[in-house]
A.B. asks: 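Sharing a structure with you now.
One is the number of the first residue; the rest follow in order along the sequence. This structure is a prediction, so every number in the text was calculated from the model and none was measured. Whatever order the structure lists ligands and atoms in, that order sets their numbers, starting from 1.
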Amino acid sequence: MLLEQFNAAPADQARELLKPCLDVDRWIDEITRARPYASVEDLLAAARTAADPFTPQELEGALSHHPRIGERAAGKSAEASMSRSEQAGVDPRDHRVTTALAEGNRAYEEKFGRVFLIRAAGRTAEEILSALQERLGHTPEQEEPVVAAQLREIAVLRLEQSLAA
Ligand SMILES: NC(=O)NC1=NC(=O)NC1=O
(Lines give C-alpha, C1' and ligand atoms only; values in the text may rest on other atoms or scores of the structure.)
Protein backbone atom coordinates (compact mmCIF):
# COMPACT_ATOMS: atom_id res chain seq x y z
CA MET A 1 0.00 0.00 0.00
CA LEU A 2 1.37 3.44 -0.92
CA LEU A 3 1.44 6.41 1.43
CA GLU A 4 -1.46 8.13 -0.33
CA GLN A 5 -3.58 5.00 0.03
CA PHE A 6 -2.57 4.64 3.67
CA ASN A 7 -3.52 8.26 4.37
CA ALA A 8 -6.88 7.94 2.62
CA ALA A 9 -7.82 4.40 3.70
CA PRO A 10 -10.64 3.77 6.18
CA ALA A 11 -9.20 3.43 9.70
CA ASP A 12 -9.72 -0.33 9.83
CA GLN A 13 -7.68 -0.83 6.65
CA ALA A 14 -4.88 1.36 8.02
CA ARG A 15 -4.95 -0.72 11.20
CA GLU A 16 -4.76 -3.95 9.16
CA LEU A 17 -1.54 -2.75 7.57
CA LEU A 18 -0.04 -1.76 10.94
CA LYS A 19 -0.97 -4.84 12.96
CA PRO A 20 1.57 -7.30 11.40
CA CYS A 21 4.27 -4.67 11.99
CA LEU A 22 3.66 -4.43 15.74
CA ASP A 23 0.64 -5.80 17.54
CA VAL A 24 0.22 -3.05 20.15
CA ASP A 25 -3.21 -1.38 19.92
CA ARG A 26 -2.04 1.92 21.43
CA TRP A 27 0.75 2.10 18.81
CA ILE A 28 -1.68 1.21 15.99
CA ASP A 29 -4.23 3.77 17.24
CA GLU A 30 -1.77 6.64 17.60
CA ILE A 31 -0.32 6.13 14.12
CA THR A 32 -3.74 5.69 12.51
CA ARG A 33 -5.18 8.79 14.20
CA ALA A 34 -2.25 11.02 13.19
CA ARG A 35 -2.93 10.53 9.46
CA PRO A 36 -2.44 12.06 6.91
CA TYR A 37 1.40 11.98 6.78
CA ALA A 38 3.23 14.33 4.43
CA SER A 39 5.93 11.76 3.65
CA VAL A 40 6.95 8.16 4.30
CA GLU A 41 9.72 9.52 6.53
CA ASP A 42 7.14 11.35 8.67
CA LEU A 43 5.15 8.14 9.03
CA LEU A 44 8.25 6.10 9.95
CA ALA A 45 9.27 8.78 12.47
CA ALA A 46 5.83 8.46 14.07
CA ALA A 47 6.24 4.67 14.14
CA ARG A 48 9.56 5.05 15.98
CA THR A 49 8.05 7.06 18.82
CA ALA A 50 4.34 6.20 19.10
CA ALA A 51 3.17 4.57 22.35
CA ASP A 52 6.57 5.00 23.97
CA PRO A 53 7.26 3.44 26.44
CA PHE A 54 5.28 0.22 25.99
CA THR A 55 3.72 -1.27 29.08
CA PRO A 56 5.00 -4.73 30.13
CA GLN A 57 1.66 -6.18 28.98
CA GLU A 58 2.03 -4.56 25.56
CA LEU A 59 5.56 -5.97 25.28
CA GLU A 60 4.41 -9.49 26.16
CA GLY A 61 1.52 -9.31 23.71
CA ALA A 62 3.73 -8.11 20.85
CA LEU A 63 6.43 -10.71 21.57
CA SER A 64 3.96 -13.56 21.25
CA HIS A 65 3.84 -12.90 17.50
CA HIS A 66 7.55 -13.43 16.94
CA PRO A 67 8.89 -16.93 16.32
CA ARG A 68 12.19 -17.82 17.95
CA ILE A 69 15.31 -16.90 16.06
CA GLY A 70 16.28 -19.97 14.06
CA GLU A 71 12.70 -21.28 13.91
CA ARG A 72 11.06 -20.64 10.55
CA ALA A 73 7.64 -19.01 10.93
CA ALA A 74 5.05 -21.27 9.27
CA GLY A 75 2.09 -20.09 7.23
CA LYS A 76 1.27 -17.53 4.57
CA SER A 77 0.36 -14.54 6.76
CA ALA A 78 2.11 -11.20 6.17
CA GLU A 79 3.72 -11.62 9.57
CA ALA A 80 5.08 -15.10 8.86
CA SER A 81 6.52 -14.18 5.47
CA MET A 82 8.14 -11.03 6.85
CA SER A 83 9.62 -13.05 9.71
CA ARG A 84 11.08 -15.60 7.29
CA SER A 85 12.73 -12.93 5.16
CA GLU A 86 14.04 -11.14 8.25
CA GLN A 87 15.70 -14.34 9.42
CA ALA A 88 17.29 -15.02 6.03
CA GLY A 89 20.75 -14.50 7.59
CA VAL A 90 20.27 -17.64 9.71
CA ASP A 91 20.84 -20.78 7.63
CA PRO A 92 18.58 -23.50 9.08
CA ARG A 93 20.91 -26.10 7.52
CA ASP A 94 23.90 -24.86 9.55
CA HIS A 95 23.62 -27.17 12.55
CA ARG A 96 26.36 -25.41 14.49
CA VAL A 97 24.40 -22.16 14.30
CA THR A 98 20.94 -23.65 14.86
CA THR A 99 22.21 -25.64 17.87
CA ALA A 100 23.92 -22.60 19.40
CA LEU A 101 20.79 -20.51 18.81
CA ALA A 102 18.52 -23.18 20.32
CA GLU A 103 20.74 -23.33 23.42
CA GLY A 104 20.93 -19.54 23.65
CA ASN A 105 17.16 -19.17 23.20
CA ARG A 106 16.55 -21.71 25.95
CA ALA A 107 18.95 -19.98 28.36
CA TYR A 108 17.39 -16.60 27.56
CA GLU A 109 13.84 -17.86 28.08
CA GLU A 110 14.85 -19.50 31.35
CA LYS A 111 16.38 -16.26 32.60
CA PHE A 112 13.88 -13.69 31.29
CA GLY A 113 10.72 -15.78 30.88
CA ARG A 114 10.13 -14.56 27.32
CA VAL A 115 11.41 -15.19 23.82
CA PHE A 116 14.75 -13.63 22.80
CA LEU A 117 13.81 -10.88 20.34
CA ILE A 118 16.22 -9.16 17.99
CA ARG A 119 15.83 -7.23 14.77
CA ALA A 120 17.27 -10.03 12.63
CA ALA A 121 17.15 -8.28 9.24
CA GLY A 122 20.63 -7.32 8.11
CA ARG A 123 22.33 -9.42 10.80
CA THR A 124 24.34 -12.59 10.27
CA ALA A 125 23.80 -15.60 12.51
CA GLU A 126 27.12 -14.83 14.19
CA GLU A 127 26.03 -11.26 14.98
CA ILE A 128 22.74 -12.56 16.40
CA LEU A 129 24.56 -15.15 18.51
CA SER A 130 26.96 -12.58 19.96
CA ALA A 131 24.06 -10.21 20.74
CA LEU A 132 22.30 -13.12 22.45
CA GLN A 133 25.37 -13.93 24.55
CA GLU A 134 25.84 -10.27 25.50
CA ARG A 135 22.19 -9.77 26.44
CA LEU A 136 22.17 -12.94 28.55
CA GLY A 137 24.39 -10.93 30.90
CA HIS A 138 21.75 -8.20 31.32
CA THR A 139 19.49 -7.73 34.31
CA PRO A 140 15.73 -7.74 33.51
CA GLU A 141 15.75 -3.96 34.03
CA GLN A 142 18.57 -3.54 31.51
CA GLU A 143 16.95 -5.93 29.06
CA GLU A 144 13.42 -4.49 28.93
CA PRO A 145 14.31 -1.26 27.01
CA VAL A 146 16.50 -3.33 24.66
CA VAL A 147 13.57 -5.61 23.82
CA ALA A 148 11.27 -2.61 23.25
CA ALA A 149 13.84 -1.02 20.92
CA GLN A 150 14.18 -4.25 18.91
CA LEU A 151 10.39 -4.51 18.57
CA ARG A 152 10.30 -0.95 17.25
CA GLU A 153 13.12 -1.56 14.79
CA ILE A 154 11.27 -4.60 13.41
CA ALA A 155 8.02 -2.60 13.27
CA VAL A 156 9.60 0.28 11.33
CA LEU A 157 11.30 -2.10 8.87
CA ARG A 158 8.03 -3.98 8.31
CA LEU A 159 6.08 -0.76 7.87
CA GLU A 160 8.64 0.53 5.36
CA GLN A 161 8.31 -2.74 3.41
CA SER A 162 4.51 -2.66 3.53
CA LEU A 163 4.45 0.87 2.11
CA ALA A 164 6.75 -0.10 -0.73
CA ALA A 165 4.68 -3.19 -1.54
N1 LIG B 1 12.63 -13.89 18.04
C2 LIG B 1 12.90 -12.99 17.07
O3 LIG B 1 13.75 -12.12 17.23
N4 LIG B 1 12.14 -13.07 15.92
C5 LIG B 1 12.28 -12.17 14.89
N6 LIG B 1 13.16 -11.18 14.72
C7 LIG B 1 12.91 -10.55 13.52
O8 LIG B 1 13.53 -9.62 13.04
N9 LIG B 1 11.86 -11.17 12.91
C10 LIG B 1 11.43 -12.18 13.72
O11 LIG B 1 10.48 -12.97 13.53
Side-chain angles (χ1 to χ4, degrees), residues 1 15-28 31 40 43-165:
M1 182 189 289
R15 296 175 61 82
E16 257 170 56
L17 181 113
L18 292 169
K19 192 171 165 60
C21 301
L22 177 60
D23 190 11
V24 171
D25 285 339
R26 202 159 49 95
W27 182 81
I28 294 169
I31 295 173
V40 170
L43 170 52
L44 297 179
R48 283 189 195 93
T49 58
D52 190 22
F54 298 134
T55 65
Q57 295 74 17
E58 288 172 332
L59 268 183
E60 294 317 312
L63 284 173
S64 65
H65 291 267
H66 288 277
R68 288 190 183 86
I69 284 290
E71 288 182 7
R72 278 283 175 276
K76 293 187 293 300
S77 69
E79 224 168 16
S81 61
M82 287 192 280
S83 172
R84 281 193 295 273
S85 68
E86 286 150 1
Q87 296 204 29
V90 177
D91 177 0
R93 297 182 307 273
D94 180 337
H95 293 293
R96 188 185 58 76
V97 162
T98 50
T99 308
L101 278 172
E103 280 160 16
N105 278 325
R106 206 178 4 265
Y108 184 97
E109 289 171 34
E110 227 162 81
K111 176 166 183 177
F112 296 104
R114 58 162 84 114
V115 71
F116 168 68
L117 184 94
I118 189 168
R119 182 264 302 152
R123 282 185 160 123
T124 64
E126 277 65 31
E127 286 165 338
I128 291 170
L129 273 169
S130 62
L132 175 45
Q133 291 312 319
E134 182 195 336
R135 288 169 53 186
L136 271 170
H138 284 176
T139 64
E141 294 70 31
Q142 287 169 324
E143 187 56 10
E144 183 152 323
V146 173
V147 176
Q150 297 302 301
L151 268 175
R152 281 185 186 281
E153 282 187 33
I154 294 168
V156 170
L157 283 173
R158 290 186 173 184
L159 181 52
E160 199 166 15
Q161 272 179 356
S162 311
L163 288 170

A.B. asks: Which of the numbered atoms in ligand 1 are under 4.0 angstrom from any heavy atom belonging to Ala120?
C.D. replies: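 Those qualifying, in numeric order: 7 (C), 8 (O).
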A.B. asks: Out of all atoms in ligand 1, which are within 4.0 Å of some heavy atom of Ile154? Include the element for each.
C.D. replies: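 Per the distance check, 6 (N), 7 (C), 8 (O).
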A.B. asks: Is Gln150 reaching over with its side chain to a backbone N or O of Val147, donor-acceptor style, under 3.5 angstrom?
C.D. replies: no
A.B. asks: Check this for me - ligand 1, Ala121, N or O atoms closer than 3.5 angstrom, yes or no?
C.D. replies: no
A.B. asks: For the residue pair Arg68 and Tyr108, would you count it as a cation-pi contact if the rule is NZ or CZ under 6.0 angstrom from the ring centre and within 45 degrees of the ring axis?
C.D. replies: no
A.B. asks: Is a side-chain donor or acceptor of Asn105 paired with a backbone partner of Leu101 at a separation under 3.5 angstrom?
C.D. replies: yes
A.B. asks: Just by distance, do the side chain of Glu86 and the backbone of Ala121 share a donor-acceptor pair under 3.5 Å?
C.D. replies: no
A.B. asks: For Arg119, which part has a heavy atom under 4.0 Å from ligand 1: side chain, backbone, both, or neither?
C.D. replies: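 Within the 4.0 Å criterion, Arg119 contacts ligand 1 through backbone atoms alone.
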A.B. asks: Do Arg119 side-chain atoms and Arg152 backbone N/O form a donor-acceptor pair below 3.5 Å?
C.D. replies: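 Not a single qualifying donor-acceptor pair exists.
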A.B. asks: Give the residue and atom name of whichever protein heavy atom lies nearest to atom 9 (N) of ligand 1, and the separation in Å to one decimal.
C.D. replies: Glu86 OE1, 2.6 Å
A.B. asks: Can you report which non-hydrogen protein atom sits closest to atom 11 (O) of ligand 1, along with the distance?
C.D. replies: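 Closest protein heavy atom to atom 11 (O) of ligand 1: Ser83 OG, 2.7 Å.
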A.B. asks: For ligand 1, which part of Met82 has a heavy atom less than 4.0 Å away: the side chain, the backbone, both, or neither?
C.D. replies: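 Met82 to ligand 1: no contact under 4.0 Å from either part.
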A.B. asks: With atom 6 (N) of ligand 1 as the reference point, say which of Ile118, Val147, Leu157 has the nearest heavy atom.
C.D. replies: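 Nearest heavy atom to atom 6 (N) of ligand 1 lies in Ile118.
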A.B. asks: Residue-level breakdown please: for Ile69 versus ligand 1, do any non-hydrogen atoms fall below 4.0 Å on the side chain, on the backbone, on both, or on neither?
C.D. replies: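 Looking at Ile69 and ligand 1, atoms from backbone and side chain both fall under 4.0 Å.
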A.B. asks: Side chain of Arg158, backbone of Pro20: donor and acceptor closer than 3.5 Å?
C.D. replies: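 The answer is yes, because a donor-acceptor pair under 3.5 Å joins these two groups.
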A.B. asks: Looking only at distance, does Arg68 have an N or O less than 3.5 Å from an N or O of ligand 1?
C.D. replies: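 Checking ligand 1 against Arg68, no N or O pair falls under 3.5 Å apart.
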A.B. asks: Give the atoms of ligand 1, by number and element, whose distance to some non-hydrogen atom of Gln87 is under 4.0 Å.
C.D. replies: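 Every atom of ligand 1 under 4.0 Å from some heavy atom of Gln87: 4 (N), 5 (C), 10 (C), 11 (O).
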A.B. asks: Just to be sure I read this right, does ligand 1 sit under 4.0 Å from the backbone of Pro67, its side chain, both, or neither, counting only heavy atoms?
C.D. replies: both
A.B. asks: Between Lys111 and Arg135, is any pair of side-chain heavy atoms under 4.5 Å apart?
C.D. replies: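 Not in contact.
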A.B. asks: I need the Ser83 OG to Glu71 CD distance, nearest 0.5 Å.
C.D. replies: 10.0 Å
